[in-house]
Amino acid sequence: MNQIKYTIFKTKWGYFGLAASKKGLIRTILPLKSRPDVQKRLLDGLKDAQYDPKLLRDVQKQIIEYFEGKAVKFDAPIGFDSVSPFTHKVLWGCAKIPAGKTVSYSQLANTIGSPRAGRAVGSALSKNPVPLIIPCHRVVHADGSLGNFSAPGGTTTKKKLLELEECF
DNA sequence: GTCCCGTCCTGTC
DNA sequence: GACAGGACGGGAC
C-alpha cells in the first residue's frame, strides 16, 4: 500500500500542514492559526494517514524560511496523481514561475500550448492540491488584478504571499 | 466600468 | 454523452 504520512509545523504565519505519499507531496495546507483546523483540512479524505514530524524535513525548513521572508526554492517531490493530464500540465507550468514574478492565466495557458484556455487554467489551478509548492498565487488576471484563490484566506492570502515575495 | 459572449476543461447526472 | 459551471479574456457599449 501507499502509506500516507503527514505533519503539521509552525511557521511565522501559523500552522502549516503537509501530507505526502511515498511518491512525494500530495497536499499542503497554507498557514492557519488553529492547529486542529489545519489537521482537519489536511486529513479530509485521507485514510490512515500517519503523523510523522520528521516528514520531508528539508521541505519543512524551506517553508519556515519562506514565511520568514527568505527566497527559497522548493525542491519537494510531488506525488499527487488524482488530477487530469491537463491539470497536471497547468500545475507543472505554474511550478516553473519564479518567485516574485506573476503571469496571467492566459500566459500560463499559452506556455502549456492552449492559448485560449485561460478559463480552463483557472479551474485547473483551483484544484491545486499543493498551494505554495505549486505557486498558484503567482497567477493573476491579464489586467493585473488578483483573480481568485481557493486556499484558506482566499485573495487576502494570495495578496499577502505576493507581497512577501516582492521582498525577495 | 460593466456586460456579454467565446473559449476549453471538469464534474455530475 | 449532455450539460452546467468555473480562480478567464477581450471586445462592445
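Keep in mind it's a predicted model, so treat the numbers as computed, not measured. In what follows, chains are A, B, ... by sequence order, proteins preceding strands, each numbered from 1.
Considering only the side chain of A142(A), dG9(C) comes nearest among dC8(B), dG9(C), dA7(C). Nearest to the side-chain atoms of K127(A) among the listed nucleotides dA7(C), dG11(B), dC8(B) stands dG11(B).
Straight-line distance from the OH atom of Y105(A) to the C1' atom of dC8(B): 16 Å, rounded to whole Å. The nearest whole Å value for the distance from the CD1 atom in I112(A) to the P atom in dC9(B) is 8 Å. In this entry the distance linking CG of N110(A) with P of dC8(B) reads 13 Å, nearest Å. Per the geometry, CG belonging to N148(A) stands 17 Å off P belonging to dG5(C), to the nearest Å. When the P atom of dT2(B) is taken as reference, atom CG of D143(A) falls 12 Å away, rounded to whole Å. Atom C1' of nucleotide dC8(C) and atom CZ of R116(A) are separated by 14 Å, given to the nearest angstrom. Straight-line distance from the CZ atom of F149(A) to the C1' atom of dC8(C): 17 Å, rounded to whole Å. Atom NZ in K89(A) sits about 8 Å away from atom P in dC9(B), given to the nearest Å.
Checking I29(A), L18(A), L42(A), V38(A) one by one against Y6(A), the side-chain contact (heavy atoms from CB on, under 4.5 Å) holds for a single residue, L42(A).
At the heavy-atom level, T87(A) lies under 4.0 Å from the strands shown only through sugar-phosphate atoms. Within 4.0 Å (heavy atoms only), S150(A) reaches at least one base atom of the nucleic acid.
A distance-only check finds no donor-acceptor pair linking the side chain of S114(A) to the backbone of A117(A) [under 3.5 Å]. Listed for the Q3(A) side chain is a donor-acceptor partner under 3.5 Å among the backbone atoms of D48(A).
Residue-environment remark: CZ (R116(A)) stays at or below the threshold of 12 foreign heavy atoms within 6.0 Å.
With a cut-off of 3.5 Å on both Watson-Crick or G-U wobble distances, the partner of dT7(B) is given as none.
Distances shown here put every side-chain N or O of S123(A) at or beyond 4.0 Å from the OP1 or OP2 atom of dG6(C).
Between E165(A) and Y66(A), the side chains place a donor N or O and an acceptor N or O closer than 3.5 Å (distance only, hydrogens not considered).
DNA chain B is contacted by both R119(A) and F86(A); R119(A) maps to the nucleotide lying nearer its 5′ end (nearest heavy atom per residue).
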